[in-house]
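Positions are given from 1 along the sequence.
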Amino acid sequence: DMTKPFCVLGIETSCDDNSASVVRSDGTILSNVVYSQHEVHEQYGGIVPGLAMENHQANIDLAVAGAIEEAGLSSVADVDAIAVTKGPGLEICLRVGFRKAQMLAQEYCKPFVTTHHLESHCLIARLAGEVAESEAEERTESKEDCAGAGDSDFDGGEQTGGIGRGNDEHKQEKDRVGAHFEAKISYPFLALLASGGHTSLLLCKAMGNYDVIGATLDDALGEAFDKGARLVGVRTGGAGGAAVEALAKNGEIRTEQYGLKVPMQNKPNCDFSYAGLKNAMRLAVEKARAENGLDVSSTNAPARAGEKAPSPVVLPEQVQADLCATFQDVAISHVEDRVGRAIDYLEEQGISTSSFVVVGGVAANQELKRRLLALLSRRSKTIPEGTFQHDITLERESVPAKPWQLFFPPVKLCTDNGVMAAWAGIEKMALGMSDVIEGQEVVARWALGQPLIEQPGNEALKFRRRRRIARKASIEAQSAP
């Protein structure tokens, strides 16, 4: 009966995190159990698929049982459906969770719903997206509304989605997910998906309907952070981005000294590339090691896949901090440039949206949040009418731009978790969709959406330099005393 709230058990084993969660269709997270493998893989310098699979096999029953118990249910018989990640991911890892979900659905005669891992990341913002605010606004709000402090972190028990706040002027007309929940973000919206395996900009138009505005041509942002942390000699515990961010707080940005440059600044599209930046970081680290009398040849990575990593060559703490501050600054500058171009494209095409969500593990980076918030704040200022027309007329009367609103999931829902699988299942079921159990198989490589361009030089994503210059000059003029 879809007119009443229903519960879905979500299972996620696409990579190294093993998770099971129970979520209710009114947006209440009843449980979220995660078995992490970071310590297992740390000594190998990266994910070892065989070890990941073995740990999934050892923990999957514990995760499901824990999720059911934490949700206050007596058994899987008490949930109304079972959702599971079908792909993309590591095939042998995906299969562990997928087979478990199939078995449970058959044993308890429950509807079976398969989910796309990347889509689930995007949809988690519709469940629990928080409106990003400046530090000053957050401090003011924390004083005025102490009762709401900490709502964004899930610590067990019940949590209701939609904990973000926003001014009335930002609110869109909400769409409903089933009969009992209003999505916190309405379609269409722009999404940046940034994790260890994926980096892309997506126009999310509806469930199962996505356009790829830009994607990485080589390495993902999260992978680049992991490599950067390893190079400077930090044991990351599987969270290279967090390690880089922590060190960067005490560092000084030395772009010229280390020779790190923002990638693809002259490429007229929205794609990403971090391979060149990773290589530049390696050269900078080698130079810093030579200056400090350390071994230049070691990459701090194992010689071959599956072997344990050697003892790291550790740079002096201040050098680590400066390198990380510089690397993080350049990596995020690349994101800012691509996001700016994506917004240009949406405005040029007349696509009406002012919601931008950031999802994936890298969404936990607070410096990224601060920089994107500043970027969207600049883009939301009054701009001259005609700035985004092909014939620019700066003299025309200025009109208010529609303010952009930035959303992030709670930090604990940025990385892989069963909540995202369960919620994606709920969204599918609300549209009357489910899957047959028999004959289903995981999909290791599974693109989300269709690229808007097939060739890098497609005119649809070429942005006129003078349009960007005109907009920048307009904003600078407004900011002048």
Between [X] (side chain) and [Y] (backbone), is there a donor-acceptor pair under 3.5 Å?
X: D219; Y: A224; answer: no
X: Q318; Y: P316; answer: no
X: T115; Y: S120; answer: no
X: R289; Y: A284; answer: no
X: N300; Y: V313; answer: yes
X: E91; Y: V443; answer: no
X: H116; Y: W446; answer: yes
X: H334; Y: S273; answer: yes
X: H41; Y: V48; answer: yes
X: N55; Y: L51; answer: yes

Checklist entry - Would you call the rings of Y187 and F189 parallel, tilted or perpendicular if under 30° counts as parallel and over 60° as perpendicular? => result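 Aromatic pair Y187/F189 classed parallel.
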Next on the checklist: Can you tell me how the ring of F327 sits relative to the ring of F225, calling it parallel under 30°, perpendicular over 60° and tilted otherwise?
Outcome noted: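 Answer is perpendicular, since the angle exceeds 60°.
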Measure across [X] and [Y] and return the closest heavy-atom pair with its distance rounded to 0.1 Å.
X: E441; Y: F98; answer: N-CE2, 4.0 Å
X: V8; Y: I426; answer: CG2-CG1, 3.6 Å
X: P49; Y: I92; answer: O-CD1, 3.5 Å
X: M264; Y: L217; answer: CE-CD1, 3.8 Å
X: G425; Y: A83; answer: CA-CB, 4.0 Å
X: N266; Y: P268; answer: O-CD, 3.5 Å

Checklist entry - Under the salt bridge (Lys or Arg N to Asp or Glu O under 4.0 Å) criterion, do R341 and D271 qualify, and how do the steps go? => result CA-CA 10 Å; R341 291 173 182 270; D271 291 329; over 6 Å; no
For residues [X] and [Y], is any side-chain donor paired with an opposing acceptor at under 3.5 Å?
X: S333; Y: R371; answer: yes
X: E12; Y: T85; answer: yes
X: T13; Y: N18; answer: no
X: R282; Y: N279; answer: yes
X: D16; Y: H56; answer: no
X: Q328; Y: T326; answer: no
X: S19; Y: N417; answer: no
X: E223; Y: Y274; answer: no

Next on the checklist: salt bridge (Lys or Arg N to Asp or Glu O under 4.0 Å), that's the test. Do K249 and E245 meet it? Break it down for me.
Outcome noted: CA-CA 7 Å; K249 290 178 180 178; E245 183 180 13; 5.1 Å; no
Taking the side chain as everything from C-beta on, heavy atoms only, tell me whether [X] gets closer than 4.5 Å to [Y].
X: M433; Y: M207; answer: yes
X: I253; Y: V330; answer: no
X: L202; Y: L190; answer: no
X: V232; Y: M281; answer: yes
X: L127; Y: F181; answer: yes
X: L277; Y: K261; answer: no

Next on the checklist: Nearest 0.5 Å, please: how far is SG in C15 from NE2 in H117?
Outcome noted: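 That separation rounds to 7.5 Å.
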Item to check | Candidates V244, L231, V234, N250 - the one meeting side-chain contact (heavy atoms from CB on, under 4.5 Å) with Q320 | outcome: V234
Item to check | Distance under 6.0 Å and angle within 45° of ring axis: K369 vs F408 | outcome: yes
Checklist entry - Going by the side chain to side chain donor-acceptor pair (under 3.5 Å) test, which pairs reach into residues 192-206, not counting sequence neighbours? => result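 Sorted pair list: K205-D211.
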Checklist entry - Does the salt bridge (Lys or Arg N to Asp or Glu O under 4.0 Å) test come out yes or no for K428 and D435, once each step is laid out? => result CA-CA 10 Å; K428 284 185 69 172; D435 300 283; 3.2 Å; yes
Checklist entry - Hey, mind stepping through E347 and R379 against salt bridge (Lys or Arg N to Asp or Glu O under 4.0 Å) and telling me if it holds? => result CA-CA 11 Å; E347 291 173 338; R379 294 303 298 257; 2.9 Å; yes
